[in-house]
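Chain A is the first sequence line, chain B the second, and so forth, proteins listed ahead of strands; every chain is numbered from 1.
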Amino acid sequence: MISEIVQGLAVTFRSMFRRRNTIQYPEECKPTAPRFHGRHVLNRYEDGLERCIGCELCAYACPADAIYVQGADNTPQARWSVGERYAAVYQINYNRCIFCGLCIEACPTRALTMSNDYGLTTDTREGLVYDKPLLLAPLPAGAAPVPRADPPQGPPSIARYGPQASLSQESGGVQPATAGEGREGLAPQPEERAGR
Amino acid sequence: MAAVIADALILLAKVVGVFAVLMVMVLLTVYVERKVVSWMQTRVGPNRVGPFGLLQSLADGIKLFFKEDVRPAAADRVLYLVAPVVIMIPAFLSLTVIPFGTSFGGEPAQLADLNVGLLFVLAMGSLQVYGLVLAGYASGSNYPLLGGIRSSAQMISYEIPQGLSLVGVFMYAGTLSARGIVDAQRDPLQVGFLPDWLHLPGWYVIPQLPMFVVFLLAGLAETNRAPFDLPEAETELVGGYHTEYSGIRFALFFLAEYLNMITVAAVATTVFLGGPDGPAFGFLPWLWPIVWFLLKVCAFLFLFIWLRATLPRFRFDRLMAFGWKVLLPVALLWIGVTGVVLAVDLAPARTGLLAAAGVLVVLLLAITLAGPLTGRDRRAARGAAT
């Protein structure tokens, strides 16, 4: 009994000089796992057009009902995204979000991905509702800002961006949760889905 | 007349000085406890407020001071308000008789040299039980009541070995006064078989070793510190007797607990480790005794913190068994041994005899300690049942 007490005291005493496990969080941040589910990013193509087509599939997929999308039509004078529609309003409510990543899997254009950013604290609940300007990736260098008027030869076709449209300029530099499954195409094939 | 006023002013200055030092010591003890326990758990501990987080406990105190004072509807109004004060005042008073140095130019470094000195400390310790029971009862709630009852049972049980452990020293020193006990320990140790040039201090920890151990253990239990922190066992009783207290009233309980810790450390220092006794160096002759006293007190405080970070809590029946069946007999036995040695009067050899016998008794104590603490009694009971 006494020897056990002495052993215990020795353990605690030795621990005093061991390396501390604490991370001084706001000053030093531990790097996350590479595929950590953090804040979402709405991506763009290289030419600055938004990938999001306002289809609301992410909102349907969301189990926590955290996403609100309101689509609108692109016009020749004001083009936001490739195709007919774009997201006029895009909100993710981080009061509700559980960072499951189902929205990323649901997104047909790889518009929505997740970054490793986990610093989401604010003082108010309103501050946790992120809208489009907060989520949207920055304009690539040299790209014209959106909305923009269509060029004289007509609107850019989806085919121009193609199913193999590069993901390299997605912001965050993170491989999305579903990367490497061959679903980078803009339109997932139904049989491919069924086969999974 | 002028002399009276001067005396009163000096006394007032000393009172204010001791009060201020105690408050600062409590703040520092809280800080050091959090820091040391953190280190022992490989954490960092408070490091945000002030340099190295030194002002953390001050910030906590200010926070508690400005918090809302919630008073439960079922509480007994008067007793509820009185209880924390009843706990805190004795905690401060018991430190008045402890000499924390030798003297400042003729003025003794002690608030009051009562001739009943340490008896006063014990009396103040007993008074605190009222505070705990009142707090538990007046809260008008179940958990504080349980905590209060537990604490009264525990403190009354451990007061007895604590008091008895000092009796041996009183007999040996022939005085109850803290100053007298400190002075008696200043003579060098006379063991008989050690060479003359080896000047060991005549601290009572040597002839009264079992009492020292008993006093420390009983003192830990008296201050409701881990591993004897059953009255406020967070995991069992929410917060114990102070569950219903908030804000500054809670702070008073907290303050009293840490003051008690300091008191036990100070009394142990005074009675067993020679108080402010220690080698003085050339300059500042009044400073060294204070430094030695504080160092010894801090060593005890560190021991208490260390034990808290290491040991799990006692079960209540084992706590009682330990107090009544181990500490009390050992204290009584040692009073008997001390009495016999003093009566037979083996003047030069008595310290040596007592020291040798003391080591024996402490070893016995260590062996008996194993009984109520390990599962042996439980296994024995199971064996009897089958």
Side-chain angles (χ1 to χ4, degrees), chain A residues 1-40 92-100 114-130 134 172-174, chain B residues 32-49 52-53 56 210 213 216-217 220 226-228 299-300 302-315 318 321-322 326 330 359 361-379:
Chain A
M1 179 63 203
I2 297 296
S3 74
E4 277 94 339
I5 288 181
V6 172
Q7 274 176 12
L9 288 172
V11 166
T12 42
F13 193 79
R14 259 183 278 121
S15 300
M16 279 181 72
F17 306 102
R18 292 217 328 248
R19 197 179 58 79
R20 320 253 180 266
N21 285 324
T22 311
I23 293 164
Q24 296 297 328
Y25 165 58
E27 288 90 30
E28 61 178 291
C29 296
K30 204 176 163 185
T32 60
R35 294 175 66 164
F36 179 82
H37 284 191
R39 182 176 60 82
H40 297 79
I92 296 183
N93 184 346
Y94 285 107
N95 294 299
R96 307 193 63 131
C97 180
I98 57 172
F99 299 93
C100 61
M114 283 169 129
S115 68
N116 286 350
D117 174 20
Y118 53 86
L120 294 170
T121 41
T122 56
D123 293 334
T124 59
R125 294 182 179 201
E126 292 74 25
L128 280 174
V129 180
Y130 278 48
L134 283 169
V174 191
Chain B
V32 169
E33 165 152 40
R34 292 181 61 177
K35 231 20 187 178
V36 168
V37 170
S38 300
W39 291 339
M40 288 179 172
Q41 297 166 348
T42 64
R43 294 184 288 120
V44 171
N47 65 346
R48 295 280 153 178
V49 192
F52 307 108
Q56 179 68 51
V213 175
L216 272 190
L217 291 173
L220 266 182
F228 303 102
F300 278 117
F302 177 77
L303 178 72
F304 294 162
I305 294 168
W306 189 9
L307 288 173
R308 186 198 146 182
T310 308
L311 299 179
R313 190 176 299 132
F314 268 63
R315 210 172 68 192
R318 288 185 181 168
F322 183 59
V326 179
V330 167
V359 170
V361 169
V362 169
L363 279 179
L364 271 176
L365 176 65
I367 293 162
T368 38
L369 197 60
L373 297 189
T374 58
R376 197 183 299 161
D377 51 346
R378 212 174 356 149
R379 277 198 297 277

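Sparse packing is recorded around CZ of A/Arg125, with 12 or fewer heavy atoms of other residues, nucleotides or ligands lying under 6.0 Å away. Atom CG of A/Asp123 is surrounded by 12 or fewer heavy atoms from other residues, nucleotides or ligands within 6.0 Å. Other residues, nucleotides and ligands contribute over 12 non-hydrogen atoms within 6.0 Å of the OH atom of A/Tyr118.
In this structure, chain B has heavy atoms under 4.5 Å from both the backbone and the side chain of A/Phe13. Looking at A/Gln7, there are no atoms closer than 4.5 Å to chain B (heavy atoms on both sides), in backbone or side chain. Contacts of A/Arg19 with chain B are made by backbone atoms alone, with heavy-atom separations under 4.5 Å and no side-chain atom involved.
A/Thr22 places a side-chain N or O within 3.5 Å of a backbone atom of B/Val44 that can act as its donor or acceptor partner.
Residue B/Arg308 holds its CZ atom at 12.5 Å from OG1 of A/Thr12, rounded to the nearest 0.5 Å.
The side-chain heavy atoms of B/Lys35 and A/Met16, taken from C-beta on, include no pair separated by under 4.5 Å. At least one side-chain heavy atom of B/Leu311 sits less than 4.5 Å from a side-chain heavy atom of A/Ile5.
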| task | Run the numbers on B/Trp39 and A/Arg18 for side-chain contact (heavy atoms from CB on, under 4.5 Å), then give the verdict. | result | CA-CA 8 Å; B/Trp39 291 339; A/Arg18 292 217 328 248; over 6 Å; no
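Nearest approach of A/Ser15 to B/Met40, heavy atoms of both residues: CB-O, 3.2 Å.
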